[in-house]
Amino acid sequence: MTNQRVLLASRPVGMPTESDFRIVSGDLETMAAGDVLVQVLYLSVDPYMRGRMSDAKSYAEPVPVGGLMVGGTVGRVFRSNSPQFKEGDIVEGYLGWQSLALASAKNLRLVDPSIAPISTALGILGMPGLTAYFGLLDICKPKAGETVVVSGAAGAVGSYAGQIAKILGCKVVGIAGSDDKVKLLTDEFGFDAAYNYKTVTNHYAKLKSLCPNGIDCYFDNVGGAITDAVLGWMNTFARIAICGQISQYNNTQLELAPRPFTQILVKQARVEGFIVTRYFERFEEGRAQMAQWLKEGKLRYRETIVEGIENAPKAFISMLQGGNTGKMLVKVSD
Ligand code: NAP
């Protein structure tokens, strides 16, 4: 059987381009005992992949030049040499940017299609949903009545984090990159207020007007000037979850920025970075709660779906530039 795979062709400098990827076709290896052959249906493209394209030291190994791009997938079991899975099962696994994959059964998770569309296993009921759930609950620890600001609010993680804060009874203000996204946040996702960071020059003044009682919690997906402004308007004992810094991922030089530690000191604020895998042991708890809220209609989600594995590089670059609303996915097969 022929497998289409997307490889890393070169390490990008600044924003990746399509020439940093190479698409190849090849045969699959032979199946061993315990192996499962998965036909990939959806592939997730995520901001962390920009880090894997670089060889700078990080919490995970880089993809080698010429290697298969890493990533989460949802697929259908095509053939199984394991008693754990049968033909036709829907599974989630970290199988990379390819159309078919041989995986060891122990690295796959069975997805129940009766709970929600299977694509949600890569979004609201997958890694991004768990990131929002644990980052908000465990690090921001918001209380009812508090003001929570979310940056990157119309993307996958941000849109879930803001809605969870609403479920908890908070006032929620979102920051996103277009007027349509701002409208979506207030009209569909129930945020109390939102603004377009691309048309506002004075973030501090904007935040002051939208958050008259100050900011108690900040769920940071973007970093940079937006975060500098949020830090200036925090309340005493504010909690800041550093989830992502996407405004910095394609920088070729470190930005000069204010030194925030005096503000953190005087506001006695707690700033904590986190990687969602730290909560691995609690993933099922998070997934069950997110599924429950989804079923109750308390959570909503959007997806932006690009067709064809050959368009995965385009989808990834578009996501880095804000081309997605909600979770960006590549549909690999029907
Ligand atoms: P996403 O928000 O669905 O997509 C990325 C979004 O980033 C784009 O849609 C774009 O929206 C925004 N963006 C791009 N450049 C920006 C800039 N210069 N300034 C402000 N916003 C910018 O992606 P996601 O998967 O949900 O991830 C969101 C963040 O969480 C990322 O920083 C990611 O690295 C992080 N994350 C962390 C963990 C963890 O374990 N800590 C896990 C998952 C994700 P606009 O149109 O609004 O600009």
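If you're wondering where the values come from, they're calculated on a predicted model, not measured in any experiment. Whatever order the structure lists them in is the order used to number ligands and atoms, beginning at 1.
- Listed by number with element, the atoms of ligand 1 under 4.0 Å from a non-hydrogen atom of Lys181 are 9 (O), 11 (O), 45 (P), 46 (O).
- Here the OH-CE distance, from Tyr94 to Met127, works out to 8.0 Å after rounding to the nearest 0.5 Å.
- If you look at Met127 next to ligand 1, the close heavy atoms, those under 4.0 Å, all belong to the side chain.
- Taking only non-hydrogen atoms, the option from Tyr59, Phe134, Tyr197, Phe219 nearest to atom 48 (O) of ligand 1 is Tyr197.
- Remark: the Glu92 side chain and the Thr73 side chain contain no N/O donor-acceptor pair separated by less than 3.5 Å.
- A side-chain donor-acceptor contact under 3.5 Å links Gln39 and Ser333.
- Separating the CG atom in Leu108 from the CD1 atom in Ile90 is a distance of 12.0 Å, to the nearest 0.5 Å.
- Under a 4.0 Å criterion applied to the non-hydrogen atoms of Thr131, ligand 1 contributes the atoms 38 (C), 39 (C), 42 (C), 43 (C).
- Counting only N and O atoms by type, the side chains of Tyr218 and Ser151 include a donor and acceptor under 3.5 Å apart.
- In this model, a donor atom of one side chain and an acceptor atom of the other lie less than 3.5 Å apart for Asp138 and Tyr279.
- For the residue pair Ser114 and Asp112, a side-chain donor N or O sits within less than 3.5 Å of a side-chain acceptor on the partner.
- Residue Asn221 places at least one N or O, backbone or side chain, under 3.5 Å from an N or O of ligand 1.
- Put simply, Val306 and Phe21 are part of the same group of oily side chains (I, L, V, M, F, W, Y) that touch within less than 4.5 Å, one to the next.
- Side-chain N/O atoms of Glu285 and Gln289 include no donor and acceptor closer than 3.5 Å.
- Within the listing of ligand 1, atoms 1 (P), 3 (O), 4 (O), 8 (C), 9 (O) sit less than 4.0 angstrom from a heavy atom of Asn324.
- Thr304 and Lys327 share no donor-acceptor pair across their side chains, judged by distance under 3.5 Å alone.
- The Phe274 neighbourhood of ligand 1 comprises atoms 39 (C), 40 (O), 41 (N), with distances under 4.0 Å to a heavy atom of that residue.
- With no hydrogens or angles considered, no side-chain donor-acceptor pair links Asp35 and Asn81 at under 3.5 Å.
- When each atom of ligand 1 is checked for a heavy atom of Gly322 under 4.0 Å away, the hits are 8 (C), 9 (O), 10 (C), 11 (O), 46 (O).
- Under a 4.0 Å criterion applied to the non-hydrogen atoms of Ser247, ligand 1 contributes the atoms 17 (C), 18 (N), 19 (N).
- Shortest contact from atom 14 (C) of ligand 1 to any protein heavy atom: Leu320 O, 3.1 Å.
- Shown in contact with Ile275 at under 4.0 Å from a heavy atom are these atoms of ligand 1, numbered in order with element: 40 (O), 41 (N).
- Closest to atom 47 (O) of ligand 1, if we only count protein heavy atoms, is Gly177 N, 2.8 Å.
- Both the backbone and the side chain of Val276 come within 4.0 Å of ligand 1, counting heavy atoms alone.
- When only interatomic distances are considered, the shortest N/O to N/O separation between Ile226 and ligand 1 does not fall below 3.5 Å.
- Nearest-heavy-atom check against atom 26 (O) of ligand 1 across Val222, Val157, Thr325, Val45 picks out Val157.
- Using a 4.0 Å cut-off between a side-chain N of Lys or Arg and a carboxylate O of Asp or Glu, Lys86 and Asp89 qualify as a salt bridge.
- Using a 4.0 Å cut-off to heavy atoms of Gly155, the atoms of ligand 1 that qualify are 1 (P), 2 (O), 3 (O).
- Considering backbone and side-chain N/O of Gly158, none are found under 3.5 Å from N/O of ligand 1.
- In Thr277, neither the side chain nor the backbone holds a heavy atom less than 4.0 Å from any atom of ligand 1.
- Atom-to-atom distance recorded for Thr227:OG1 and Asn221:CG is 9.0 Å, nearest 0.5 angstrom.
- For atom 25 (O) of ligand 1, the nearest non-hydrogen atom from the set Gly326, Ser44, Pro47 comes from Pro47.
- The nearest non-hydrogen atom to atom 36 (N) of ligand 1, considering only Cys243, Ala161, Ala225, Gly126, comes from Cys243.
- A donor-acceptor pair is defined here as one N or O able to donate and one able to accept, closer than 3.5 Å; such a pair exists between the side chain of Asp216 and the backbone of Thr147.
- Proximity of Ile246 to ligand 1, defined as any heavy-atom pair under 4.0 Å, is shared by backbone and side chain alike.
- Residue contacts with ligand 1: Gln245 is included, with a non-hydrogen atom under 4.0 Å away.
- Counting protein heavy atoms only, atom 34 (O) of ligand 1 is closest to Tyr249 OH, 2.7 Å.
- Aromatic ring pairs are classed by plane angle as parallel below 30°, tilted from 30° to 60° and perpendicular above 60°; the pair Phe274 and Phe219 is perpendicular.
- Put simply, no part of Ala154 is less than 4.0 Å from ligand 1, judged by heavy atoms.
- In this comparison of Gln248, Met319, Met15, Met328, the heavy atom closest to atom 8 (C) of ligand 1 sits on Met319.
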